[in-house]
J.: 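Once you've had a glance at the structure underneath, I'll fire off some questions.
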2 protein chains.
Amino acid sequence: MKRQPEQAETGSTTLDVAERLVQSRGFNGFSYADVASELGITKAALHYHFRSKAELGQALIARYASRFGDALESIDTGDEPASTKLQAYADLYLGVLRDERMCLCGMLAAEYSTLPDRMQQTVVRFFDDNYAWLQRLLETGRVDGSLQFTGTAEAAAQMIVSTLEGAMLVARPYRDTARFQSVASLLIAEFTRDGRSVPRRRAREP
Amino acid sequence: MKRQPEQAETGSTTLDVAERLVQSRGFNGFSYADVASELGITKAALHYHFRSKAELGQALIARYASRFGDALESIDTGDEPASTKLQAYADLYLGVLRDERMCLCGMLAAEYSTLPDRMQQTVVRFFDDNYAWLQRLLETGRVDGSLQFTGTAEAAAQMIVSTLEGAMLVARPYRDTARFQSVASLLIAEFTRDGRSVPRRRAREP
DNA sequence: GTCTATAACGAGATAGAC
DNA sequence: GTCTATCTCGTTATAGAC
């Protein structure tokens, strides 16, 4: 994978611009011309760095997944309880939404059937990695007592990803991060029975 | 809005074909040529019925919202407890996913920023109507005792829509309705304390 | 590494015959 | 209501000069 030249004016690279466009407009909603004009170069120059749109898309997912993985590692290194780490996980999503973006792979999941094979595979791997990380976190939380849930950690992990991705999806048209935060709070409250983050917790067992 | 001529061969109308294409590929992932070729007519003939793609898209959301509203009304007419109606609501999503489709408005929510103004407004109205319906259902359920939740019915409604839309979004790449059902079960279990409607139930799956 | 120029194609849309 | 034919534009991608 080729290195990108830095853009002196804004510091934005090709990948930065393309990533933002995909996250806001979708992979089928942007063009080489869009990226090139923002960077102040020509489409031909773009093709020098990424021979095809599929290759650019592939590089986007790879970088996104890599950074996301780094963020998860960073969360892991702390010695906070699992519940705090779950909140940090949700905050990753919030940060994306604050930028008026959709999760890159959430967006690509919507367009999934139109994507090149290689991109499809990498999108799935992104989610698999998320599930695996969450599963470990949930099992840790069960042990340290900071997280409670019924059923398997696998199912709970799917619940968490589904809810956060969906909350981003439906909050974005309203340009209202509070909607997302409200849902994220309820979600986390389900996993932290003491319910400090929610008012009037429901009494399950005395 | 013009009436559509029935297609003798399959019974599929223009709206049927276009709807399926949008739900599986996105609004920016299909063309007039795609629809026309499936119907066995020309693009020009399509333009007779829908002068622009924006108009076609508008008609798609209108019909989808209308049918969804009918389904909600149909759920409402029964005298089952609210918890049963909530399960019926989730099953509406499941039916869409079984067809390997995304919720039409969930898909359009992803592409939101690229949509014509009128379509944007109608997508938002679809979600508003869903929230309003769920809010009423939740409050009814609180009264009849079949549903329990903390916080406002409004927040709970957003939680439900977020989770179901997100579960569809992330389950589709895996072509695995069981993933969706697992999440939907956990979601409904949160709202039904006795949990009788939940455990390991595989509704109508061969 | 970036440019101009252009190829090759597909998109949305229209005109006018039947 | 559907057709053929065409227009215009945007898209991905390449060739070759600098």
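Residue numbering restarts at 1 for every chain, and letters A, B, ... go by the order of the sequence lines.
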J.: Give me each pair satisfying salt bridge (Lys or Arg N to Asp or Glu O under 4.0 Å) with a member in residues 119-129 of chain A, each pair once, sequence neighbours excluded.
T.: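 Residue pairs with at least one partner in residues 119-129 of chain A: there are none.
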J.: Nearest-Å distance, CZ (A:Phe50) to C1' (D:dT12)?
T.: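 After rounding, the reported distance stands at 16 Å.
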J.: In whole Å, what is the span from the NZ atom of A:Lys53 to the C1' atom of D:dG10?
T.: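 It works out to 12 Å between those atoms.
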J.: Between C1' on D:dC7 and NZ on B:Lys43, what's the gap in Å once rounded to a whole number?
T.: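 Spelled out: NZ on B:Lys43 to C1' on D:dC7 is 11 Å.
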J.: Could you list the residues that satisfy salt bridge (Lys or Arg N to Asp or Glu O under 4.0 Å) with A:Asp176, not counting sequence neighbours?
T.: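 Counting only residues at least two positions away or on another chain, A:Asp176 forms a salt bridge (Lys or Arg N to Asp or Glu O under 4.0 Å) with A:Arg179.
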J.: With A:Glu80, which residues qualify under side-chain contact (heavy atoms from CB on, under 4.5 Å), at least two apart?
T.: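 With neighbours one apart ignored, the set is A:Thr84, A:Lys85.
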J.: Who passes salt bridge (Lys or Arg N to Asp or Glu O under 4.0 Å) against A:Glu154, sequence neighbours left out?
T.: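 A:Glu154 satisfies salt bridge (Lys or Arg N to Asp or Glu O under 4.0 Å) with no residue once adjacent residues are dropped.
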J.: Is there a salt bridge (charged side-chain N to carboxylate O under 4.0 Å, His left out) between B:Glu100 and B:Arg175? Walk through the geometry before answering.
T.: CA-CA 7 Å; B:Glu100 301 189 8; B:Arg175 296 169 152 270; 3.0 Å; yes
J.: If a pair satisfies salt bridge (Lys or Arg N to Asp or Glu O under 4.0 Å) and one of its residues is in residues 60-77 of chain B, list it, with sequence neighbours excluded.
T.: B:Asp16-B:Arg63, B:Glu19-B:Arg63
J.: Would you say A:Thr42 places a side-chain N or O within less than 4.0 Å of OP1 or OP2 belonging to C:dT2?
T.: no
J.: Using nucleotides 15-18 of chain D, report all nitrogen or oxygen pairs with the protein that are shorter than 3.5 Å.
T.:
none

J.: Near DNA chain C, which residues from residues 26-34 of chain B have a heavy atom under 4.0 Å away?
T.: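 Heavy-atom contacts with DNA chain C come from B:Phe30, B:Ser31, B:Tyr32, B:Ala33.
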J.: Output all residues satisfying salt bridge (Lys or Arg N to Asp or Glu O under 4.0 Å) with B:Asp117, sequence neighbours left out; order by chain, then residue number.
T.: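 With sequence neighbours excluded, B:Asp117 shows a salt bridge (Lys or Arg N to Asp or Glu O under 4.0 Å) to no residue whatsoever.
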J.: Rounded off to whole Å, could you give me the NE2-to-C1' distance for the B:His49 and C:dA13 pair?
T.: 16 Å
J.: Please determine if a side-chain N or O atom of B:His47 lies less than 4.0 Å away from the OP1 or OP2 oxygen of D:dT2.
T.: no
J.: Whole angstroms only, please: what is the CG-C1' distance between A:Leu46 and C:dC3?
T.: 13 Å
J.: Between side-chain atoms of residues 30-47 of chain B and protein atoms elsewhere (two or more places apart, or another chain), which donor-acceptor pairs fall under 3.5 Å?
T.:
{"residue": "B:Ser31", "atom": "OG", "partner": "B:Ala33", "partner atom": "N", "Å": "3.3"}
{"residue": "B:Ser31", "atom": "OG", "partner": "B:Asp34", "partner atom": "N", "Å": "3.2"}
{"residue": "B:Ser31", "atom": "OG", "partner": "B:Asp34", "partner atom": "OD2", "Å": "3.3"}
{"residue": "B:Tyr32", "atom": "OH", "partner": "B:Phe50", "partner atom": "O", "Å": "2.8"}
{"residue": "B:Tyr32", "atom": "OH", "partner": "B:Ser52", "partner atom": "O", "Å": "3.0"}
{"residue": "B:Tyr32", "atom": "OH", "partner": "B:Lys53", "partner atom": "N", "Å": "3.4"}
{"residue": "B:Asp34", "atom": "OD2", "partner": "B:Ser31", "partner atom": "N", "Å": "2.8"}
{"residue": "B:Ser37", "atom": "OG", "partner": "B:Asp34", "partner atom": "O", "Å": "3.3"}
{"residue": "B:Glu38", "atom": "OE1", "partner": "B:Arg20", "partner atom": "NH2", "Å": "2.5"}
{"residue": "B:Glu38", "atom": "OE2", "partner": "B:Arg20", "partner atom": "NH2", "Å": "3.3"}
{"residue": "B:Thr42", "atom": "OG1", "partner": "B:Ala45", "partner atom": "N", "Å": "3.4"}
{"residue": "B:His47", "atom": "ND1", "partner": "B:Arg51", "partner atom": "O", "Å": "3.1"}

J.: Got a sec, which pairs hit ring-ring contact (aromatic ring centres under 6.0 Å, His included) with one end in residues 69-88 of chain B, sequence neighbours left out?
T.: none
J.: For the helix from C:dG1-D:dC18 to C:dC18-D:dG1, how many degrees between its two end axes (five pairs per end), to the nearest 10°?
T.: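 The two end axes of the helix from C:dG1-D:dC18 to C:dC18-D:dG1 meet at 0°.
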J.: Sort out for me which residue in A:Tyr64, A:Phe27, A:Phe126 forms a side-chain contact (heavy atoms from CB on, under 4.5 Å) with A:Leu104.
T.: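 With A:Leu104 as partner, side-chain contact (heavy atoms from CB on, under 4.5 Å) holds for just one option, A:Tyr64.
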J.: Distance check: side-chain N/O of A:Tyr48 vs OP1/OP2 of C:dT2, anything under 4.0 Å?
T.: no
J.: CZ of A:Arg51 versus C1' of D:dT12: gap in Å, rounded?
T.: 14 Å
J.: What residues, two or more places apart in sequence or in another chain, satisfy ring pair (Phe, Tyr, Trp, His ring centres under 6.0 Å) together with A:Phe149?
T.: none
